[in-house]
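Read the structure below first, then the notes.
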Amino acid sequence: MPIPNGSGPGGTRIVLGTCHHDCPDSCGWIVTVEEGPDGADRAVKLRGNPDHPYSKGELCPKVNRFLDRVYHPDRVLHPLIRTGAKGAGEFRQATWDEALSLVAERVRAVIDDHGGEAVLPWVDAGTQGMVQMTSLDQRFFARLGASRQTGSLCGATAGAGLAATYGGRKSADPMDVRFAKLVILWATNTRLTNRHLWPFIEEARANGAQVVVIDPIRTMTADSADWFIQPLPGTDVALMLAVMHVLIRDDLIDHDYVRRYATGFQELSERVAAWDPVRAGQVCGLAPGEIEAFARAYGTTRPTFIRTLIGAEHHEHGAMFFRTLGCLPVLTGAWRERGGGLSRSVGVWSEAAIDDAVFSVPSDTRQVSMNHLGRALNDEALGIYALFVWNGNPVVSVPNAAEIRRGLERDDLFTVVSEQFITDTALYADVVFPAATEIEQLDVIPSWGHLYLGWNEPAIAPRGESVPNTELWRRLARAMGMTDPEFDFDDEALIRSALPSVDVDLLRKQGFLRLDLPAELLPYEAGGFETADGKALLFSRALAEAGHDPLPEYRPAAEGPGGELHERYPLVLLTPKNHTRFLNSSYSKHHGEREGGPFFEIDPADAVSRGIAEGDVVRIWNDRGELALPARLSTRLRSGVVAVPWGWWGKDANVNALTNDTLTDWGGGVAYFDTLVEAAAVET
Ligand SMILES: Nc1nc2c(c(=O)[nH]1)N[C@H]1C(S)=C(S)[C@@H](COP(=O)(O)OP(=O)(O)OC[C@H]3O[C@@H](n4cnc5c(=O)[nH]c(N)nc54)[C@H](O)[C@@H]3O)O[C@H]1N2
Ligand SMILES: Nc1nc2c(c(=O)[nH]1)N[C@H]1C(S)=C(S)[C@@H](COP(=O)(O)OP(=O)(O)OC[C@H]3O[C@@H](n4cnc5c(=O)[nH]c(N)nc54)[C@H](O)[C@@H]3O)O[C@H]1N2
Ligand code: SF4
Ligand SMILES: [Mo]
């Protein structure tokens with residue numbers, strides 16, 4: 001029998017929740033709560049909910065220890081006011097009233113002197129819960145007339161790329177991968193970043209499917225694949241063009257599907273005619289025979305399931321990657337079958353269930369890219385004088401960290417951070433507000449990796465004086481004299497109002513609820529693309545009008561091989577997620593020792609030519625910054641490509657000191673992975 005929310009044996013209580021992390025898996029969890037010696041509830045166990053249809057009772061190495069985070073001695077439990085220099089991390093404890101008054105007074109002064117747009121909110125997905133990620137803040141900042149955040153660290157470029165071909169962002173149900181006969185994990189490290197999908201892939205494999213991984217790094221997922229294809233970073237579009245070349249040349253096209261549901265086949269055919277596997281192989285660093293074999297496998301197997309997430313969007317031409325990838329299942333008609341098509345994010349389905357009118361009021365103030373935080377803070381003409389950060393740690397997660405630090409050090413900038421810990425960003429705050437953790441706050445988690453909404457019941461009261469983000473906005477709104485009745489809504493009222501078509505009581509009782517969608521989700525089985533005529537755009541006039549190539553095309557990154565900087569900085573630096581115990585920039589401070597410290601991975605040939613030996617401390621640098629890290633000679637990488645795991649904090653470990661802040665072609669993301677560096681052993 002499913003475990004209902006609230007029951008529990010012998011004086012304990014069982015509380016159903018959902019992992020809030022920015023992770024596609026949105027696992028269901030169960031918290032066991034006991035009355036502690038002081039009479040207050042204490043969470044004593046947090047485990048996976050075995051009834052959850054997707055995560056099936058398993059969590060992951062970091063969240064299995066989530067209670068360590070909740071009860072960690074370093075938790076911020078009271079409001080803090082800065083006493084030392086910015087960045088020094090010297091604070092004194094303050095009362096909520098004092099901290100709120102200070103913020104209200106300083107923000108009013110900024111607005112009086114410089115106008116509302118001198119205030120900038122910066123939020124990421126530290127919790128991706130519906131009300132605790134971003135809700136009442138939208139109303140609060142709109143009332144201030146603040147600048148609006150635009151762009152995205154994650155997802156928007158991929159979504160915009162797919163939308164350029166499909167008109168929308170629908171995806172195949174990830175769980176349907178189990179019906180596939182060919183599974184292509186293209187620029188995604190499933191076993192690390194999407195681990196609960198792996199059993200479904202194994203199910204496909206047990207039924208005879210072949211698993212292909214396409215990645216410039218031989219990741220743990222590549223090690224588990226049947227076929228690993230290792231192109232040079234940022235060259236996949238050339239590979240896709242050659243795949244399409246072979247599909248058309250060998251007539252592996254579903255002509256009926258293309259005729260009915262696509263436009264521009266003729267133009268695309270002419271474009272890809274020039275991209276035979278030999279030419280693409282030169283660009284990608286792959287043997288033409290391997291490209292031929294892959295293209296033929298794609299064109300002759302059914303169903304074929306492409307799985308991709310975010311890795312490929314962190315390039316200058318990231319949107320073009322997804323726009324081009326979207327063409328492949330159209331050409332073969334792979335969308336027709338369960339287990340076919342392409343799956344990236346299914347967030348579009350949960351977004352459709354959310355009516356966010358209660359959260360916001362219209363605002364047409366200027367927009368500032370969250371990826372250019374450093375540039376914005378250092379731009380006198382832009383004039384940002386107050387910054388609010390919550391659910392994020394931009395010093396560690398945004399490119400060009402040195403520039404961000406420089407901006408945060410400004411004496412005339414007033415910075416407010418809501419956090420659970422003193423992160424590298426919170427170090428620069430004038431005021432830190434203590435943030436509740438997920439087991440201390442109510443929310444609904446809309447997943448982007450499966451089709452279930454997750455309920456998150458608070459298991460314990462917020463520790464110390466910490467509060468959920470919604471409560472912070474309510475208190476700040478009152479302190480600043482705002483009177484919208486919505487600021488009096490409690491979290492449950494916000495949730496109920498934002499989910500008009502969802503049976504919230506059933507969701508709460510079960511802990512999860514499948515979105516109201518057909519059991520067999522075939523989004524583009526019969527076309528129905530979200531374009532004007534319902535057809536996929538192999539050729540896109542809209543792209544041409546926006547100044548892009550109307551057809552899929554490969555372009556090298558400006559900061560990449562062949563570019564101007566390459567001579568000085570001959571190594572391409574990749575900085576993807578690499579640790580099972582980290583979630584983005586979270587946990588590295590607390591689980592770092594168990595992950596063995598940050599390191600610099602380099603191919604043995606590249607190491608030898610630079611006099612670098614295993615374990616040597618290596619200086620890695622470019623015009624933006626430098627790091628010194630121990631070398632790991634690694635056969636996971638091709639020559640000319642190096643890697644540093646991302647997520648570590650500190651001036652000497654944060655790899656975003658080096659990364660490229662060029663925005664992506666469209667979609668507002670950023671080109672972390674088009675970064676060039678040079679490296680040398682440090683003389684000791
Ligand atoms: N070099 C490089 N950089 C990257 C990436 C990469 O692959 N390489 N990946 C990018 C991607 S995809 C992403 S999504 C970003 C993520 O980057 P981050 O912003 O680092 O994301 P998280 O670690 O998920 O969360 C950030 C903070 O949110 C806080 N937080 C969690 N829950 C709450 C809450 O309820 N209230 C409040 N107030 N705070 C909370 C946590 O304590 C944490 O410090 O980084 C991007 N940066
Ligand atoms: N354990 C763990 N799990 C996580 C996270 C975490 O920090 N730790 N973060 C979560 C978040 S916010 C996100 S967005 C997802 C991201 O999930 P993924 O997209 O799966 O992860 P990434 O590490 O961003 O990138 C995946 C792969 O893309 C590859 N890649 C980079 N450039 C290219 C390219 O040009 N071509 C090809 N073919 N491959 C390329 C990288 O080498 C990497 O192996 O993971 C989530 N899950
Ligand atoms: S971080 Fe991801 S894998 Fe881990 S418990 Fe949360 S949703 Fe599941
Ligand atoms: Mo992300």
Side-chain angles (χ1 to χ4, degrees), residues 17-29 46-49 52 54-56 58-66 124-128 152-156 158 184-198 212-222 228-240 284 307-318 321 325 344-345 392 397 438 445 447-450 454 557 560 572-588 591 595 636-637 641 643 645-647 669 671-675:
T18 303
C19 182
H20 57 297
H21 280 310
D22 188 358
C23 169
D25 288 355
S26 303
C27 299
W29 70 35
L46 185 148
R47 286 291 173 267
N49 181 354
H52 195 281
Y54 174 77
S55 57
K56 298 182 176 166
E58 197 212 39
L59 298 174
C60 64
K62 49 206 170 287
V63 175
N64 277 329
R65 304 173 75 101
F66 190 68
D124 194 32
T127 169
Q128 47 179 1
S152 156
L153 307 188
C154 176
I184 300 164
L185 304 174
W186 204 321
T188 182
N189 191 356
T190 312
R191 298 206 67 179
L192 180 83
T193 58
N194 186 194
R195 58 186 285 135
H196 294 87
L197 190 67
W198 191 255
V212 186
V213 166
I214 305 178
D215 199 301
I217 303 182
R218 189 161 48 71
T219 60
M220 62 165 81
T221 309
F228 171 44
I229 299 175
Q230 190 172 25
L232 291 165
T235 64
D236 304 68
V237 170
L239 171 58
M240 294 171 203
C284 306
R307 174 61 168 171
T308 182
L309 284 177
I310 302 298
E313 83 162 31
H314 294 327
H315 288 276
E316 187 184 335
H317 302 295
F321 173 102
L325 191 64
R344 208 265 313 170
S345 160
S397 60
E438 203 63 12
I445 313 293
S447 174
W448 47 285
H450 55 68
V572 179
L573 172 69
L574 293 177
T575 57
K577 291 99 183 155
N578 196 62
H579 299 299
T580 55
R581 293 186 186 85
F582 291 9
L583 195 286
N584 300 331
S585 75
S586 302
Y587 300 101
S588 61
H591 294 175
E595 292 286 4
R636 301 201 313 153
L637 300 163
V641 183
W646 169 70
Y672 297 97
F673 297 166
D674 291 329
T675 293

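We use all heavy atoms of the structure for the numbers below, so side chains are in, but hydrogens, waters and symmetry mates are not. Every number for a ligand or one of its atoms is a count from 1 in the order of the listing.
Heavy-atom distances between Arg195 and ligand 2 stay at or above 4.0 Å for every pair. At a 4.0 Å cut-off, not a single heavy atom of Ala312 sits close enough to ligand 2 to count as contact. Within the structure, the closest approach of His579 to ligand 2 falls below 4.0 Å when heavy atoms are considered. No heavy atom of His20 sits closer than 4.0 Å to any atom of ligand 3. Heavy atoms of Asp22 approach ligand 2 to within less than 4.0 angstrom. Residue contacts with ligand 2 include Pro233, since one of its heavy atoms falls under 4.0 Å from the ligand.
The single protein non-hydrogen atom nearest to atom 31 (C) of ligand 2 is Phe673 CD1, 3.4 Å, given as residue, atom name and distance. Scanning the protein for heavy atoms near atom 30 (N) of ligand 2, the closest one is Pro216 CD, 3.8 Å. The nearest heavy-atom contact from the protein to atom 18 (P) of ligand 2 is Thr193 OG1, 3.6 Å. Given atom 25 (O) of ligand 2, the protein heavy atom at minimum distance is Gly311 CA, 3.1 Å. For atom 6 (C) of ligand 2, the closest non-hydrogen atom of the protein is Lys577 CG, 3.3 Å.
A distance below 6.0 Å separates the ring centres of His52 and His450. Aromatic pair Tyr672/Trp646: ring centres not closer than 6.0 Å.
With contacts defined as side-chain heavy-atom distances shorter than 4.5 Å, the pair Asn64/Arg47 qualifies. With a 4.5 Å cut-off on side-chain heavy atoms, Tyr587 and Val63 count as touching.
Residue Thr219 places no N or O, backbone or side chain, under 3.5 Å from any N or O of ligand 2. For ligand 2, the polar-atom distance check finds no N/O of Leu583 at less than 3.5 Å from any of the ligand's N/O atoms. Inclusion of His315 in the set of residues having an N or O under 3.5 Å from an N or O of ligand 2 is warranted. At a 3.5 angstrom cut-off on N or O pairs, Gly234 counts as close to ligand 2. The shortest N or O to N or O distance between Thr190 and ligand 2 is not under 3.5 Å. Between Leu574 and ligand 2, a contact under 3.5 Å exists for no N or O pair. Geometrically, ligand 2 and Pro24 share no nitrogen or oxygen pair separated by less than 3.5 Å. Remark: ligand 2 and Asp236 share an N or O pair separated by less than 3.5 Å (distance only, no angle test). Among the atoms of Phe582, some N or O lies under 3.5 angstrom from an N or O of ligand 2. An N or O contact shorter than 3.5 Å links Asp215 to ligand 2 by distance.
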Going through the checks in order, is the side-chain contact (heavy atoms from CB on, under 4.5 Å) test met by Leu325 and Arg344? CA-CA 11 Å; Leu325 191 64; Arg344 208 265 313 170; over 6 Å; no
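In the candidate list Pro576, Ala187, Ala125, Ala187 is nearest to atom 26 (C) of ligand 2, counting heavy atoms. When Val641, Leu192, Thr575 are ranked by how near their heavy atoms come to atom 3 (N) of ligand 2, first place goes to Leu192.
Between Phe321 and Trp186, the ring-plane angle classifies as perpendicular under the 30° and 60° cut-offs.
When heavy-atom distances to ligand 2 are checked against a 4.0 Å cut-off, Asn584 comes that close through both its backbone and its side chain. When heavy-atom distances to ligand 2 are checked against a 4.0 Å cut-off, His21 has no atom that comes that close, whether in backbone or side chain.
The set of protein atoms (N, O or S) found at less than 2.8 Å from atom 8 (Fe) of ligand 3 reads Cys27 SG, by chain and number.
When all heavy atoms of His579 and Pro645 are compared, the pair lying nearest together is NE2-CB, 3.5 Å.
Results of the side-chain hydrogen bond (donor to acceptor under 3.5 Å, both in side chains) test with Thr221 over Asp215, Asn189, Thr190 single out Asn189 as the only residue that passes.
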